[in-house]
Amino acid sequence: MSPSPSSPGRGRAAVRAVLDRARAEGRTALTAPEGKALAEAYGIAVPGEAVASSADDAVSLAVELGLPVVAKIVSPDILHKTDAGGVEVGLDSPQAVKEAYTRITAAARAYDPGARIDGVQLQRQVAGGTEVLIGAATDPTFGKIAVFGLGGVLVEVVKDAAFRLAPLTREEALEQIGSIRAAEVLDGVRGGAAVDRGALADLLVRLSELVTDFPEIAEADLNPVFASASGAIAADLRFVLDFDPPEPPPRFGREEIQSAMERMFRPRSIAVVGASNEAGKIGNSVMRNIVDGGYAGEVYPVNPKADEVYGRRAYASVGDIPGGIDVAVFAIPAQFVAGALEEVGAKGAAGAVLIPSGFAETGRQDLQDEVLAVARRHGVRLLGPNIYGYYYTPENLSATFCTPYDVSGGTALTSQSGGIGMAILGFSRSTGTGVSAIVGVGNKADIDEDDLLTFFGSDDNTRAVAMHLEDLKDGRAFVEAAREVVPRKPVVVLKAGRTSAGAKAAGSHTGALAGDDKVYDDILRQAGVVRAPGLRELLEYGRALPVLPAPQGENVVIITGAGGSGVLLSDAVVDNGMSLYEIPPDLDEAFRAFIPPFGAAGNPVDITGGEPPSTYEKTIRLGLEDPRVHALVLGYWHTIVTPPMVFAELVADVVTRARAEGIDKPVVASLSGDTEVEAACAHLFEHGVAAYPYTTEMPVQVLGAKYRWARAAGLL
């Protein structure tokens, strides 16, 4: 078992003394004995060990510890001891220890003639059990993260590791341990005993607390950790230090964010800085969209060369506008934004929407910094720059130079890219997707995804949030916001750049593993976020998740008129992390009463293709009414007996009547056939069934996304 940590005060004091000494000596890594001191301070079990200063000393210490031993060079200048020939194992005699001491010190001096050699560490050799890695790293997006994976020398080759935000709870640590691909190895193979997962979890928790308490520990490697039925012991320790870490991003309080976002999305007055009467100008398009879109508040065009813009009195400057303003939309060149923003700030505006490009994305970080400084001075929140604007349909607000959009619904969509924003707009229009908001964030000089999540999480008009992003300025703030929102509504993220996270310079195995997109994947999952694999999935999840009710259990049943579709749908259910219900005999018999003798009950329930509408109706009703069935996947193929729209209308009717009776289960459908199935799918979507033509994968993917959210929200 792992030892109990010393009292927090004494433990932290011991760590502080070690780190202060390393700082004073200008070192960026700890020696093995120093690492042992940190481990002992936080209750991390390590083998018995001692440091020898001569070959004879090594022999006597090895005998005292008990042979066999491992010998390791002790040098603050040699981080990767194996690379330097500074490690030898299996030393089972005094002579072997003496010779190893000589070889190790000679190899270390040859590897780095200038390195300081403090001696050779002798450590009681640990054997048996399963080798795992437990570590921590400092991620540029999420800060301190805990790492667990298979250990040993092949750790960076196998790369079977899981990541979580530090510090961890014990429950989070146990979940992390069980999430690696090879987790079954920990339960014993070929008759071997299962490892003590609780001991591993305790070790993970303690290391995560250590690096959180002492942020200057940039990376920590416990590799290998020997895990067995009797506990876990860290055979090798490596700590990398950074005494000059970057400043964390500035944070706003939740109430501050909410207050500013409320005024931005529900403004009483808007100034359009750079409003124009000239068709084709951004300032003209913004004015037309705001006015023609039906926005009911005050609109103040600002143009020093016009008396009137688009039928509204124009003002030479923001300062000339009577009264205050809530939002200013900028449609002027980048170099003039800071000056105009001073006047906007003086008016007490809550937000500025910076449409212009020409800032950091073109190398003008100085201009962006100047504008942000002005905004901070006046307490104005900035959206952008380099964006298409934003839409908020409950207020009939289209503050954008792009085409207007007015189909209200429950989905809020955001994008970091203007091109993706237009894809969102086009998709929404072509599918009739109702949105509460479409927002561009662009360069994210200020407002970013966690600000928007905070607002949408409390917005009664928003039932799901779908976000495209290339990066997160403050991943930890995003996770905190997501954790607040997910219990109430789904959050979907498309993270671009999955293959370009890049290998970064790292001083440990843990650090090298953390330079991977899987960090995003694991931590977003830890936050309860549903990650979309591509743009189409992001859009479809955003469209479908508000339509589908939350499942109340894991039992999925497929009802299909085509055996081939049933097989594909079955594969998709499993691929998307759901469970095909093993239908009990009584329910099987009930289904058989409605299908022809040459059909097939079981799961999928295959009613065959030549059946009339009544067969679809009876089997679907049975699936909805049986409380043991929690979700239905329908497979349809076009026949003259049951044409597509007939199928759509009967399914919509059965689902609507069931809901009226208090039965509200997620139902998705795959329709194969001629082009008539497209209209049938649209009809089904209008009645709360997520239906797709020509695909068996997409309806099951959206159902899987709903299930992932429901699990994260604690509804199952």
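Along the sequence shown, residues are numbered consecutively beginning with 1. Source: prediction; values computed, not measured.
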Shortest non-hydrogen contact from [X] to [Y]?
X	Y	answer
L200	A227	CD2-CB, 3.8 Å
P224	E131	CB-OE1, 3.5 Å
V225	A232	CG1-CB, 4.0 Å
I233	V126	CG2-CG1, 3.7 Å
P249	K473	CG-O, 3.6 Å
A37	V18	CB-CG2, 4.1 Å

Is the closest side-chain heavy-atom distance between [X] and [Y] below 4.5 Å?
X	Y	answer
D242	T138	no
M467	V529	no
H468	L535	no
R12	Y42	yes
T454	E484	no
M261	F456	no
R23	L19	no
P248	D474	no

- Query: Checking side-chain contact (heavy atoms from CB on, under 4.5 Å) for the pair L241/R27: CA distance, chi angles, key distance, verdict?
  - Reply: CA-CA 8 Å; L241 311 177; R27 292 193 277 122; 5.7 Å; no
Practice prompt. First locate atom CG of L716, then atom CH2 of W709, and finally report the distance between them rounded to the nearest 0.5 Å.
Written response: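 Reported value, rounded in 0.5 Å steps: 9.0 Å.
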message: Would you compute the distance between atom CG of D77 and atom OG1 of T28 and round it to the nearest 0.5 angstrom?
response: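 The OG1 atom of T28 is 9.0 Å from CG of D77, to the nearest 0.5 Å.
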Is any side-chain N of the basic residue among [X] and [Y] closer than 4.0 Å to the acidic one's carboxylate O?
X	Y	result
R238	E219	no
E470	K444	no
E256	R251	no
D446	R376	yes
R116	D118	yes
K495	D521	no
E34	R21	yes
E40	K36	yes

**Request:** Decide whether D522 and Q176 meet the rule of one side-chain donor and one side-chain acceptor closer than 3.5 Å.
**Result:**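 No donor-acceptor contact under 3.5 Å links the two side chains.
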field: Test item: side-chain donor near acceptor, S208 and R164, under 3.5 Å
entry: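 No, no side-chain donor-acceptor contact under 3.5 Å.
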Over 12 foreign heavy atoms within 6.0 Å of CD, E25
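Check passes, neighbour count above 12.
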Looking at Q365, I'd like to know if its CD atom is crowded, meaning that more than 12 non-hydrogen atoms belonging to other residues, nucleotides or ligands lie closer than 6.0 Å.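 Yes.
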Is the backbone N or O of [Y] less than 3.5 Å from a side-chain atom of [X], with the two atoms forming a donor-acceptor pair by type?
X	Y	value
Q701	E537	no
D450	A477	no
Q125	G90	yes
N443	A445	no
K518	A161	yes
D451	D448	yes
K144	P215	yes

Donor-acceptor pairs under 3.5 Å, side chain of residues 51-70 to any protein atom, not counting sequence neighbours: which ones?
residue : atom : partner : partner atom : Å
S54     : OG   : D57     : N            : 3.1
D57     : OD2  : S53     : N            : 3.1
S60     : OG   : D57     : O            : 2.9

Practice problem: Sort and list the pairs that fulfil ring pair (Phe, Tyr, Trp, His ring centres under 6.0 Å) and have at least one residue in residues 203-237, not counting sequence neighbours. | Solution: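 Not a single pair qualifies under ring pair (Phe, Tyr, Trp, His ring centres under 6.0 Å).
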Sort out for me which residue in V46, L207, I217, L237 forms a side chain to side chain contact (heavy atoms under 4.5 Å, CB included) with L38.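 Between L38 and the candidates, side chain to side chain contact (heavy atoms under 4.5 Å, CB included) is satisfied uniquely by I217.
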Q. Should L453 and F478 be marked as a side-chain contact (heavy atoms from CB on, under 4.5 Å) after you check the CA-CA gap, both sets of side-chain angles, and the distance that decides it?
A. CA-CA 8 Å; L453 261 186; F478 179 83; 3.5 Å; yes
(Q) Does V485 form a side-chain contact (heavy atoms from CB on, under 4.5 Å) with K489? I'd like the steps, not just the answer. (A) CA-CA 6 Å; V485 176; K489 57 193 74 172; 3.5 Å; yes
Step-by-step salt bridge (charged side-chain N to carboxylate O under 4.0 Å, His left out) determination, R711 to E554:
CA-CA 10 Å; R711 294 183 192 113; E554 298 282 359; 3.0 Å; yes
| task | Determine whether the aromatic ring centres of F142 and Y520 lie less than 6.0 Å apart. | result |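 Judged by ring-centre distance (under 6.0 Å), F142 and Y520 do meet the cut-off.
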I73 and V120: CA distance, side-chain angles, deciding distance, side-chain contact (heavy atoms from CB on, under 4.5 Å) verdict:
CA-CA 5 Å; I73 195 70; V120 171; 4.3 Å; yes
